[in-house]
Amino acid sequence: MNRQGILIVVSGFSGSGKGTIMKELIRRYDDNYALSVSATTRQPREGEADGREYFFKTREEFEKMIAKEELIEYARYVNNYYGTPKAYVEEQLAAGRDVILEIELQGALKIKEKFPQALLLFVTPPSVNELKRRLISRGTESEEVIEQRMKRASEEAEGMEAYDYYVVNDVLDTCVEDVHRIICAEHGRSMRNREFAEMIKKELKGE
Ligand code: 5GP
């Protein structure tokens, strides 16, 4: 079968561990996946580098990117803009790689609308208590921001039905393998392999 790149959207509550899962997935299966780096107007956290975690932009720069249609989608999240640069995603998909977008609900819905074949995964911790514990222990967020993020999580939970799969992040290693297996299975879906079916049919008819 001809391997076509899949556009994969990964969402999950802030503190669900989705970032760690994606980094580990790419470390293990480097050849298969490309991780899209988003643009944002939020301030870098300690340890984050421009061009690695995000492209950090001013509001004016971000609005220019919107005007020039350089983003596939963008959304506002807790008073900042976040968006997916178009060029990289298109390049990588064309090269047959699976491209991962780690984005929130509004962006995920826009992607589903523009790319109906996109695969949408939602990462969740095993419980709400665990979610709060992880947000607090990260230690990078003020109490006020944690409260905002918990409120936002409650709103995002309303959109969980839009996703194709839920991935429970309890043990990191298991979770990474679960995600990889889901994606591998997706490659075999009939809707992604119409040409292959046509070829088999033709050959069977002796054409
Ligand atoms: P954080 O500030 O914690 O890095 O990210 C906040 C939220 O923005 C997360 O849910 C993250 O997945 C989402 N996000 C990151 N990049 C993008 C993007 O390009 N587009 C959209 N719509 N959301 C994004």
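Numbering of ligands and ligand atoms starts at 1, following listing order.
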Applying a 4.0 Å heavy-atom criterion (strictly less than), which segment of [X] is in contact with ligand 1: side chain, backbone, both, or neither?
X	answer
Arg42	side chain
Gln43	neither
Gln106	neither

Closest to atom 18 (C) of ligand 1 by heavy-atom distance, out of Val37, Asn80, Ile103, is Ile103
Can you find a non-hydrogen atom of Lys18 under 4.0 Å from ligand 1? yes
At a 4.0 Å cut-off, with the gap strictly under it, does some heavy atom of Tyr54 reach an atom of ligand 1? yes
Between Ala108 and Leu120, which heavy-atom pair has the shortest distance, and what is it? O-CD2, 4.1 Å
For Glu177, give me all partners under side chain to side chain donor-acceptor pair (under 3.5 Å), at least two apart in sequence or on another chain. Arg28, Tyr29
Kindly confirm or rule out an N or O of [X] lying under 3.5 angstrom from an N or O of ligand 1.
X	result
Ala39	no
Tyr77	no
Arg149	yes
Arg45	yes

pair [X]-[Y]: side-chain heavy atoms closer than 4.5 Å:
X	Y	answer
Tyr166	Met160	yes
Leu135	Arg149	yes
Leu119	Leu7	no

Can you list the atoms of ligand 1 that are under 4.0 Å from a heavy atom of [X]?
X	answer
Ala75	22 (N)
Ser38	16 (N), 17 (C), 18 (C), 19 (O)
Gly83	18 (C), 19 (O), 20 (N)
Gly107	22 (N)

Please evaluate residues Glu63 and Tyr81 with respect to the criterion side chain to side chain donor-acceptor pair (under 3.5 Å), reporting the C-alpha separation (whole Å), side-chain torsions for both, the decisive distance (0.1 Å), and the verdict. CA-CA 9 Å; Glu63 284 172 351; Tyr81 278 128; 3.1 Å; yes
What's the shortest distance from [atom] to any protein heavy atom, and which residue and atom give it?
atom	value
atom 12 (O) of ligand 1	Glu102 O, 3.2 Å
atom 20 (N) of ligand 1	Glu73 OE2, 2.7 Å
atom 13 (C) of ligand 1	Glu104 N, 3.7 Å

Salt-bridge test for Arg152 and Glu104: reply yes if a basic N is under 4.0 Å from a carboxylate O, no otherwise. yes
Do the charged groups of Lys114 and Glu73 touch, with an N to O distance under 4.0 Å? no
Which residue, Asn32, Asp98, Asn193, forms the side-chain contact (heavy atoms from CB on, under 4.5 Å) with His187? Asp98
Taking atom types as modelled, find out whether Ser16 and Asn169 have a side-chain donor-acceptor pair closer than 3.5 angstrom. no
So, do Phe13 and Phe122 have ring centers that fall under 6.0 Å from each other? yes
